[in-house]
Student: 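Dropping a structure here in C-alpha cells format, bear with me for questions.
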Amino acid sequence: MIGSIVFVTLVGLVVRHLCKKVNIPPLIGFLGLGIFLGPFTLDVLSDDLLNRSSEIRTIALIIILSKAGLAMNISDFKHVGGTAIRMCFVPAMIEIIGTMLFAPLLIGLSLLESALLGSIIAAVSPAVVVPRMVQCIEKGYGKEHSVPQIVLAGASVEDVIVLVLFSSLLGLHQSADSAFLQLIDIPVSMILGTLACLVVGNLLVWLFKRYRTFDSMKVLLLLSISLVFMAVESRLAGIVAFSGMLSVLGINCH
C-alpha cells in the first residue's frame with residue numbers, strides 16, 4: 001500500500017508538470033492517471049489502497065474544505081451576506097428544476113428520476129472550485145465584492161444540501177412509505193452542523209488566545225477535530241442528520 005501511494009504521488013507530480021506544459025488543467029491529467037492505473041486498465045495499485053479509497057477521499061475532502069474555510073473571512077460577508085446565502089440555494093434549485101422539466105420530455109425519465117438526476121448535476125466538486133477560488137483570493141481578483149468568498153461559501157454549502165437531497169430522493173424512490181420524511185434532514189443537518197462549528201469554533205478561539213502555540217499545532221488540532229466531525233456524521237447516519245462538511249468548513253473560517 002505504501003509503495004502504491006509513493007508511486008501514485010511521483011507519477012502524479014510528473015503528470016501535473018506535463019499538463020502545465022501543454023496548458024491542460026492538472027485535474028484532467030489526474031483523472032486520466034487514475035483511470036489508467038486503476039483496476040479496469042493496468043491494475044497496478046495495491047488492493048489495500050483501493051479498499052481504503054473511501055477513507056482517503058474523506059481525508060482529501062477535509063483538507064479541501066479546511067483550505068476553503070481558512071481562505072474565507074467572516075467579515076467579508078457583512079455586506080454580501082444575502083448574495084452568499086442565495087448562492088447556496090438558487091443555482092442548485094435552478095438546475096434541479098430545469099432537469100425535472102426537460103428530462104421527462106427528452107429522455108423519458110419519471111419526475112422522481114429527473115429530480116435524482118438533477119441533484120447529481122447540481123453537485124459541484126470542491127476539488128475544482130476551492131483551489132481556483134483560493135488562487136483568485138491570493139491574486140486579489142474580485143476583492144471589492146468578495147466574489148471568490150461568495151463562490152466558496154455557496155459551493156460548499158450547496159454540496160451539503162444537494163447530497164442530503166439526493167439521499168432523501170433515493171430513499172423516496174426505493175420506499176415511498178416513510179422516505180419523504182427524510183427531506184427534513186436538509187434543514188436539520190445544516191442547523192446541527194452550524195451549531196457544532198459555532199460551539200467548537202468559539203472554544204478553539206478561546207483556547208488559542210489563552211494558550212500560545214505553534215501554527216503547526218493549530219493546524220493538526222483543526223484537522224483532528226474535522227476528522228471527528230466526519231466520524232460523528234457517519235455514526236449518526238440513520239439516527240439524526242448532521243452535516244460534518246458544514247462543521248469542517250465553519251471551524252476553519254476566521
Side-chain angles (χ1 to χ4, degrees), residues 1-2 4-5 8 34 38-39 45-70 72 88-89 92 115-116 119-130 152-175 177-204 218-253:
M1 180 176 174
I2 295 177
S4 295
I5 293 175
V8 170
L45 301 179
S46 167
D47 291 337
D48 292 333
L49 177 62
L50 296 175
N51 293 334
R52 294 292 181 182
S53 61
S54 176
E55 289 85 351
I56 295 173
R57 288 196 301 269
T58 299
I59 295 173
L61 179 61
I62 287 173
I63 294 173
I64 291 170
L65 291 176
S66 299
K67 188 175 182 180
L70 292 170
M72 293 193 303
C88 298
F89 300 93
L116 275 169
S119 63
I120 295 173
I121 294 173
V124 298
S125 173
V128 177
V129 175
V130 171
L152 271 177
S156 302
V157 178
E158 183 188 72
D159 257 357
V160 176
I161 297 171
V162 171
L163 286 172
V164 176
L165 180 61
F166 174 80
S167 300
S168 302
L169 291 172
L170 185 61
L172 183 61
H173 185 269
Q174 294 173 342
S175 174
D177 296 330
S178 59
F180 186 74
L181 297 176
Q182 294 179 17
L183 292 175
I184 203 173
D185 286 351
I186 297 174
V188 171
S189 66
M190 294 183 64
I191 291 172
L192 293 180
T194 302
L195 289 175
C197 76
L198 286 175
V199 172
V200 177
N202 286 322
L203 178 60
L204 288 175
K218 294 179 181 178
V219 171
L220 288 174
L221 183 59
L222 286 171
L223 288 177
S224 299
I225 294 174
S226 298
L227 286 168
V228 171
F229 279 141
M230 299 302 288
V232 169
E233 179 183 4
S234 178
R235 288 295 181 91
L236 293 180
I239 303 174
V240 62
F242 174 79
S243 175
M245 292 173 59
L246 191 58
S247 299
V248 171
L249 182 69
I251 63 168
N252 286 281
C253 291

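From a predicted model like this one, the values you see are computed outputs, not experimental measurements.
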Student: With rounding to the nearest 0.5 angstrom, report the CG to CD1 distance, L223 to I251.
Tutor: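 So the gap between those two atoms works out to 8.5 Å.
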Student: If we only count heavy atoms from C-beta on, is the L204 to L222 side-chain gap below 4.5 Å?
Tutor: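 Counting from C-beta outward, L204 and L222 do come under 4.5 Å.
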Student: With sequence neighbours excluded, tell me which residues meet salt bridge (charged side-chain N to carboxylate O under 4.0 Å, His left out) with R52.
Tutor: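 For R52 the salt bridge (charged side-chain N to carboxylate O under 4.0 Å, His left out) partners, ignoring immediate neighbours, are E55.
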Student: Can you give me the closest heavy-atom contact between S247 and G193, atom names plus distance?
Tutor: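 Shortest heavy-atom separation between S247 and G193 comes out as OG-O, 2.9 Å.
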Student: Who passes side chain to side chain contact (heavy atoms under 4.5 Å, CB included) against S4, sequence neighbours left out?
Tutor: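 With neighbours one apart ignored, the set is L45, S46, L49.
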Student: Distance from I191 atom CD1 to F242 atom CZ, nearest 0.5 Å?
Tutor: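 Separation between the atoms: 13.0 Å.
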Student: Would you indicate whether the side-chain heavy atoms of L192 and L236 approach each other to under 4.5 Å?
Tutor: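 A side-chain contact is absent here, since even the closest heavy-atom pair is not under 4.5 Å.
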Student: To the nearest 0.5 Å, what is the distance between CG (L203) and CG (L198)?
Tutor: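 Here the interatomic distance stands at 12.5 Å.
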Student: State the OG-CG distance between S226 and L221, to the nearest 0.5 angstrom.
Tutor: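 S226 atom OG to L221 atom CG measures 9.0 Å (nearest 0.5 Å).
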Student: Once rounded to the nearest 0.5 Å, what's the spacing between atom CG of L116 and atom CZ of F166?
Tutor: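 One finds 5.5 Å between CG of L116 and CZ of F166.
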Student: Please answer whether the main-chain N or O of S54 pairs with a side-chain N or O of T58 as donor and acceptor at a distance below 3.5 Å.
Tutor: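 Yes, T58 side chain to S54 backbone: donor-acceptor pair under 3.5 Å.
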Student: With rounding to the nearest 0.5 Å, note down the distance linking CG in L227 to CD1 in I62.
Tutor: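 That separation rounds to 4.0 Å.
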